[in-house]
Every structure is written in structure tokens, then in C-alpha cells.
Amino acid sequence: MPHNHTFLPTFAVTLAARLPGTWTSQYHRHTAYSEQFPAAERLWDSGHVDWAVSEQVLGHHAVLTGPAGEELYVIERPRHRGQFLVAALEPVGFLPHHFRGVPEPNGIAVSSDPVRAAASISCRLLPRYARAAEAVRAQARLRPDPPAHRQAPPETVRAVTLTRYADGVLGTPYTSVPAEARDALYLSGFQYVPDQGAFLLPVGYGPVATAVRIQVLAARLAQTGIGLNLRHAPTHPRAAAAVTVSPAPAPQANRAPAGTAVPSAATCSPRAPHRSR
């Protein structure tokens with residue numbers, strides 16, 4: 001449908017005169033497609049007005065400015081002759097984090113009758129607009145400065161790499177574990193199995209308890225500056241000869257190589273998972 005470049009400005013001026021308070025209207029004709037985006041970038045809408053601006057080529061738009069600095073964006077409704085879309089524009093002078101969590105006061109479709117359109121805007125859009133703007137101002141008062149940027153943690157020189165083997169057992173070779181990490185493994189439920197030369201987590205814990213123990217282990221290792229990696233064993237034929245372990249910990253700790261701190265049987269026994277918080 002060709003754009004009627006005389007109807008929108010006339011409608012906008014008449015609409016401004018019908019809204020409560022003193023409103024002014026400013027008409028903008030687009031000589032290029034890119035000219036519709038500067039105002040549209042401030043569009044405070046996540047519904048059909050945002051869709052229209054994002055997906056349609058608009059020949060023009062109007063902006064109505066209210067007595068308290070309110071701004072309403074007005075365009076012809078695509079594919080609906082005789083209707084208009086009206087939406088709020090974000091207030092200026094605020095930072096992105098001031099808008100976070102504030103629901104958009106989504107725009108509405110109105111008829112070409114300025115009286116009915118003004119009534120719909122006054123009853124439906126302007127109250128939402130006022131509540132959202134006040135919420136933004138409140139956030140600006142509480143959090144004037146932007147939050148600190150999240151920084152990547154420093155690279156760890158040492159790490160424990162847990163491998164999930166083909167039979168479901170999770171473990172790591174003893175020789176690859178730093179001495180400072182052995183107590184953390186024991187306290188997280190891992191057992192040292194001498195004949196396999198590895199720290200292994202019994203499969204009897206189940207997937208949920210296993211996930212909790214991995215999280216607890218990661219937190220304990222982080223306190224000593226040691227990282228934690230989780231990998232799966234490659235699925236080549238030799239992986240079929242994966243290590244195995246009994247489904248429940250032995251009543252007594254197995255003997256570890258010389259110099260290894262071995263916990264008591266109570267330490268290695270399965271315990272109910274606990275939350276870190």
C-alpha cells in the first residue's frame with residue numbers, strides 16, 4: 001500500500017490536541033530506509049509495533065511530545081488501512097541497566113478517528129508508560145552507576161581432569177593429581193583404587209548426587225588455585241576395557257601409595273548430597 005504522506009501528519013497533529021495536557025507533534029518523512037531506525041532504536045515495545053518497525057519499510061513517522069517529556073511514536077499500521085500504531089519511546093538520560101527488569105509499556109493499535117484514538121491512548125498506553133518510566137527512575141536512583149564488568153578468572157596452571165569412562169565410572173589417574181588436590185577428592189567421595197592406579201567415584205551415587213559432588217569438588221579445588229576439567233573417554237575399541245569399581249564404597253579406605261593422605265572409612269562412605277548454599 002503506498003504511503004499517504006498527508007494523512008499521518010494531519011492525524012498526528014489532531015491526536016496531539018486530543019491527549020490530556022499540552023502535546024506537540026513532529027512529523028518525519030524518510031528519504032532513505034535507514035532514516036526509520038534512529039527513533040525506532042528507542043522504541044519501548046516488544047510486540048507488534050517492534051515487529052512493524054523491524055520488518056517493514058516505513059515511509060514516515062511522527063513523534064508526539066507530552067507535558068512531562070513523554071514521547072509517543074506514531075506510524076501507519078502495515079496491512080491495515082485506516083489504522084495506526086502508537087508506542088512509547090524510551091526516556092533519554094538513563095543507562096541500559098536502569099531498564100533491566102522493567103516491562104516494556106507495549107504500544108497499541110488505534111483507529112483513524114482521533115477522538116477514539118486519544119481515548120485508547122489515555123486509558124491504555126499512557127498509564128503503562130507512566131509506571132514503566134517511574135520504575136526506570138527508581139532504578140536510576142538506587143543504582144546510578146553501571147554494574148562492574150564480569151572478569152574472566154585467571155588461568156590455572158594446575159588442574160584435575162576427571163574422565164567419564166565407557167562404563168559410567170568417573171575418575172582420574174593418581175599420578176595426574178596434584179598432592180594438594182587429594183584431600184578434596186577424598187572429601188568429595190572419590191576412592192583411591194590401587195590396582196587401577198586411579199581415584200574413582202562409585203557409580204552407586206547416581207547422576208544427581210554425582211553432579212553435586214563434582215560441583216563441591218570444583219569449589220574445594222578452586223580454594224587451592226586448582227582447576228577442574230571434565231572429559232569423556234574416547235570411544236575406540238580399547239576403551240571397552242574401561243576401569244570398573246564397586247557400586248558402593250568399601251567400609252575401609254584402600255591403601256594409597258606412600259605419602260598419600262588416606263581418610264577414615266567414615267570420610268569415604270556415601271553421604272547424602274548437600275547444597276553449597
Side-chain angles (χ1 to χ4, degrees), residues 1-140:
M1 179 181 70
H3 295 286
N4 185 335
H5 292 292
T6 59
F7 190 33
L8 176 59
T10 302
F11 172 78
V13 170
T14 308
L15 179 62
R18 299 284 182 176
L19 292 174
T22 303
W23 290 72
T24 59
S25 173
Q26 189 172 17
Y27 174 71
H28 302 268
R29 181 172 179 175
H30 307 160
T31 59
Y33 173 57
S34 59
E35 292 181 4
Q36 77 182 50
F37 294 109
E41 288 177 353
R42 293 177 50 213
L43 191 65
W44 214 359
D45 181 277
S46 60
H48 52 287
V49 185
D50 179 67
W51 169 85
V53 173
S54 302
E55 302 295 333
Q56 303 295 318
V57 177
L58 307 176
H60 53 177
H61 74 273
V63 175
L64 308 184
T65 304
E70 306 96 330
E71 290 182 289
L72 298 179
Y73 180 84
V74 185
I75 60 173
E76 293 173 333
R77 187 179 185 184
R79 305 176 186 176
H80 293 76
R81 185 183 297 273
Q83 293 187 21
F84 293 87
L85 296 176
V86 184
L89 294 179
E90 292 181 347
V92 298
F94 297 96
L95 299 176
H97 71 282
H98 298 149
F99 294 89
R100 189 171 302 128
V102 177
E104 292 88 348
N106 290 332
I108 60 175
V110 298
S111 72
S112 58
D113 180 356
V115 176
R116 296 176 59 187
S120 295
I121 294 170
S122 299
C123 295
R124 298 167 55 197
L125 177 56
L126 290 182
R128 293 201 302 261
Y129 189 6
R131 288 193 296 269
E134 177 54 35
V136 170
R137 289 191 290 268
Q139 297 218 102

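Note that the numbering runs from 1 along the sequence shown for the chain. Worth knowing before you read on, the calculation uses all heavy atoms, side chains too, and leaves out hydrogens, waters and symmetry mates. Given the structure is predicted, the values throughout are model-derived calculations rather than measurements.
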* Does anything in residues 97-120 pair up under side chain to side chain donor-acceptor pair (under 3.5 Å), and if so which pairs, sequence neighbours excluded? -> S46-N106

* Neighbour count above 12 (heavy atom, 6.0 Å) for R128 CZ -> yes

* **Heavy-atom side-chain contact between H60 and L58 under 4.5 Å** => no

* To do: Return the minimal non-hydrogen interatomic distance between P67 and W23, and the atom names on each side.
  => CD-NE1, 3.6 Å

* To do: Please report the shortest heavy-atom distance between G107 and V49, naming the atom on each side.
  => CA-CG2, 4.1 Å

* Side-chain touch P91/F99, heavy atoms, less than 4.5 angstrom -> yes

* Validation row: V102, Q139 side chains within 4.5 angstrom (heavy atoms) -> yes

* Taking the six-membered ring for Trp, are Y73 and W44 ring centroids under 6.0 Å apart? -> no

* **Heavy-atom check, side chain of P20 versus side chain of L126, under 4.5 Å** => yes

* Nearest heavy-atom neighbours spanning A52 and I75 -> CB-CD1, 4.2 Å

* To do: May I ask you to test the V53-L85 pair for a side-chain heavy-atom distance under 4.5 Å?
  => no

* Asked: Is the shortest heavy-atom distance from the side chain of V63 to the side chain of L89 under 4.5 Å?
  -> yes

* Asked: Below 6.0 angstrom between ring centroids: does that apply to Y27 and F11?
  -> no

* To do: I would like to know whether E90 and E41 meet side chain to side chain contact (heavy atoms under 4.5 Å, CB included); could you show each step before the answer?
  => CA-CA 9 Å; E90 292 181 347; E41 288 177 353; over 6 Å; no

* How long is the span from the CG atom in L8 to the CG atom in L15, to the nearest 0.5 Å? -> 10.0 Å

* Asked: For P127 and S122, which heavy atoms make the closest approach, and how far apart are they?
  -> CD-O, 3.3 Å

* Structure fact -> The ring pair (Phe, Tyr, Trp, His ring centres under 6.0 Å) partners of H28 (sequence neighbours excluded) come to H61

* **Gap between atom CG of L19 and atom OG1 of T65 - 0.5 Å precision** => 11.5 Å

* **Nearest atoms (heavy-atom pairs only) where A16 meets L64** => CB-CD2, 4.2 Å

* Does a salt bridge link E71 with R42, judged by any charged N lying under 4.0 Å from a carboxylate O? -> yes

* Asked: Can E134 and R137 be said to form a salt bridge (charged side-chain N to carboxylate O under 4.0 Å, His left out), step by step?
  -> CA-CA 5 Å; E134 177 54 35; R137 289 191 290 268; 3.1 Å; yes

* Nearest atoms (heavy-atom pairs only) where Q83 meets R77 -> OE1-NH1, 2.6 Å

* **Minimum side-chain heavy-atom gap V13-T24 below 4.5 Å** => no

